[in-house]
Structures are given as C-alpha cells and as structure tokens.
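A short worksheet on the structure shown next.
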Amino acid sequence: MRNIVLILIFCLVSIHAEDTFRIDNFKVTLFSKFEKKTVEIDTSMIFEGRYVEEYDFKIIDVLNIVIGSFYAEDLLTSKGKIGLKEAIISYAKDKHAIDIDEIYIQKLNIIKPLSDYSNIVKELKKAGCCNQQ
C-alpha cells in the first residue's frame with residue numbers, strides 16, 4: 001500500500017514538473033526612437049514552464065520576434081521589462097502553444113551606448129514613464 005502511495009505522489013510531482021531553459025548573452029539590434037538609429041542589446045534570461053527546454057528553438061524565435069517590437073529605450077524601464085515578459089509569454093502561448101510560467105531577466109544591457117542619456121530621461125518623463133520629482 002505504501003508503494004502505491006509513493007508511486008501516486010511521484011506521478012503527481014512529475015505532472016507538475018517544470019523545465020527551465022536559459023539563454024545567455026543573446027544579442028539583438030533594436031531601433032532607438034530618440035537616437036534615430038539602431039543599438040545593440042545584450043540579454044540573458046531564464047524561462048520556466050512546461051516543455052521550454054524541449055522547444056528551445058521556438059523560444060529563441062519568440063524572443064527574436066517579440067523583442068524586435070520594442071524600442072531600446074522602452075527596455076530600460078521596469079514597465080518596459082514587464083511588458084516584454086508579458087508579450088513573450090503571450091506570443092509563445094498563442095503561436096507555438098508553449099506555456100511559459102515565468103521569465104527571469106538576468107541581464108539586459110545596451111552594448112552600444114546611446115549618446116545622451118539626459119535627453120532620453122527627459123523624453124521618458126514627458127511620456128509619463130518615470131516618477132517626476
């Protein structure tokens with residue numbers, strides 16, 4: 001009887017088990033709306049969900065498509081990073097039927113720095129994106 005209970009517990013744990021898939025140093029070129037030119041972004045992320053490791057090639061495709069729909073400046077804010085996560089999860093579910101439960105951004109840097117950060121901050125504040133003090 002005890003063995004049957006252990007087998008049932010193992011089966012339940014296996015059903016709810018999640019995979020993790022890590023992408024390190026993913027580089028992509030994005031457009032800068034303030035600089036009016038492209039900049040390079042370097043990011044590392046961890047994806048948790050069912051079958052994310054098995055379908056890693058689909059997740060890379062999703063990341064390429066979704067991250068390309070953002071401006072570089074949008075990804076500098078917390079709101080932009082949350083929007084990126086939500087868009088990736090939604091697109092992966094709709095287009096590839098992949099259930100991503102969580103995305104952890106380990107790093108998201110602009111490799112080719114923007115020339116003038118003060119102008120970017122002013123523009124973001126005008127758009128209502130930052131706390132104005």
Side-chain angles (χ1 to χ4, degrees):
M1 180 67 178
R2 191 171 84 165
N3 288 340
I4 293 173
V5 171
L6 289 174
I7 291 172
L8 287 174
I9 291 173
F10 178 74
C11 290
L12 288 174
V13 170
S14 296
I15 290 172
H16 295 291
E18 291 184 344
D19 292 335
T20 59
F21 171 59
R22 181 182 195 102
I23 296 177
D24 290 316
N25 301 317
F26 183 82
K27 292 183 174 107
V28 64
T29 303
L30 297 179
F31 188 74
S32 167
K33 62 182 165 187
F34 300 126
E35 293 285 322
K36 305 292 188 228
K37 61 182 180 181
T38 60
V39 294
E40 192 169 327
I41 301 289
D42 179 24
T43 186
S44 295
M45 298 181 177
I46 299 172
F47 297 84
E48 279 185 353
R50 284 162 295 288
Y51 307 113
V52 294
E53 194 170 20
E54 183 177 340
Y55 295 114
D56 58 347
F57 61 96
K58 290 182 180 182
I59 291 175
I60 291 172
D61 177 64
V62 168
L63 185 57
N64 269 310
I65 291 169
V66 172
I67 203 168
S69 67
F70 284 81
Y71 288 110
E73 293 83 4
D74 295 338
L75 297 178
L76 295 176
T77 66
S78 294
K79 187 177 179 181
K81 289 177 178 126
I82 291 169
L84 175 65
K85 288 180 177 186
E86 291 170 350
I88 290 170
I89 290 169
S90 175
Y91 190 85
K93 185 176 184 102
D94 293 345
K95 296 298 179 188
H96 296 295
I98 297 174
D99 289 323
I100 298 173
D101 295 325
E102 192 63 54
I103 299 171
Y104 302 98
I105 298 175
Q106 302 297 297
K107 143 179 102 166
L108 203 152
N109 298 321
I110 297 177
I111 295 174
K112 192 193 292 185
L114 301 170
S115 61
D116 187 5
Y117 285 102
S118 62
N119 287 340
I120 294 169
V121 171
K122 287 177 190 174
E123 291 295 325
L124 288 172
K125 284 182 180 180
K126 276 190 215 174
C129 188
C130 303
N131 293 334
Q132 297 184 11
Q133 298 180 22

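None of the values given here were measured: they were computed from a predicted structure.
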Determine whether [X] and [Y] make a side-chain contact, defined as any pair of heavy atoms from C-beta on separated by less than 4.5 Å.
X    : Y    : answer
I41  : I110 : yes
S90  : D94  : yes
L63  : I60  : no
K81  : L76  : no
I100 : E48  : no

Please report the closest heavy-atom contact between [X] and [Y], naming both atoms and the distance.
X   : Y    : value
I89 : D101 : CD1-O, 4.5 Å
G68 : L30  : CA-CD2, 3.7 Å
V66 : A87  : CG1-CB, 3.5 Å

>> How long is the straight-line distance from CD1 of I111 back to CG of D42, given to the nearest 0.5 Å?
In response: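 Spacing of CG (D42) from CD1 (I111) equals 4.0 Å.
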> Roughly how far, to the nearest 0.5 Å, is CG of D99 from CZ of R50?
Replying inline: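 One finds 5.0 Å between CZ of R50 and CG of D99.
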> Is it true that atom CZ of F26 has more than 12 heavy atoms of other residues, nucleotides or ligands lying nearer than 6.0 Å?
Replying inline: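 Enclosed: over 12 neighbouring heavy atoms sit under 6.0 Å from CZ of F26.
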>> Surrounding CZ of F21 (heavy atoms of other residues, nucleotides or ligands, distance under 6.0 Å), is the total greater than 12?
In response: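 More than 12 within 6.0 Å, yes.
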Side-chain donor or acceptor of [X] paired with backbone N/O of [Y] under 3.5 Å:
X   : Y    : answer
S32 : A72  : no
S44 : K107 : no
K93 : I98  : no

Should [X] and [Y] be counted in the same cluster of Ile, Leu, Val, Met, Phe, Trp and Tyr side chains packed under 4.5 Å apart?
X    : Y    : value
I46  : F57  : no
L108 : F31  : no
L84  : Y104 : no
I82  : F70  : no

> Can R22 and D24 be said to form a salt bridge (charged side-chain N to carboxylate O under 4.0 Å, His left out), step by step?
Replying inline: CA-CA 6 Å; R22 181 182 195 102; D24 290 316; 2.8 Å; yes
>> If we check side chain to side chain contact (heavy atoms under 4.5 Å, CB included) with F47, which of these qualifies: I23, T20, D19?
In response: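 Only one of I23, T20, D19 forms a side chain to side chain contact (heavy atoms under 4.5 Å, CB included) with F47, namely I23.
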>> One thing to verify: whether K33 and D74 come together as a salt bridge, which I'm taking to mean a side-chain N less than 4.0 angstrom from a carboxylate O.
In response: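 K33 and D74: salt-bridged.
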> What orientation do Y91 and H96 show, parallel under 30°, tilted 30 to 60°, or perpendicular over 60°?
Replying inline: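 It falls in the perpendicular class, over 60°.
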> Could you walk me through whether D61 and K95 pass the salt bridge (charged side-chain N to carboxylate O under 4.0 Å, His left out) check?
Replying inline: CA-CA 11 Å; D61 177 64; K95 296 298 179 188; over 6 Å; no
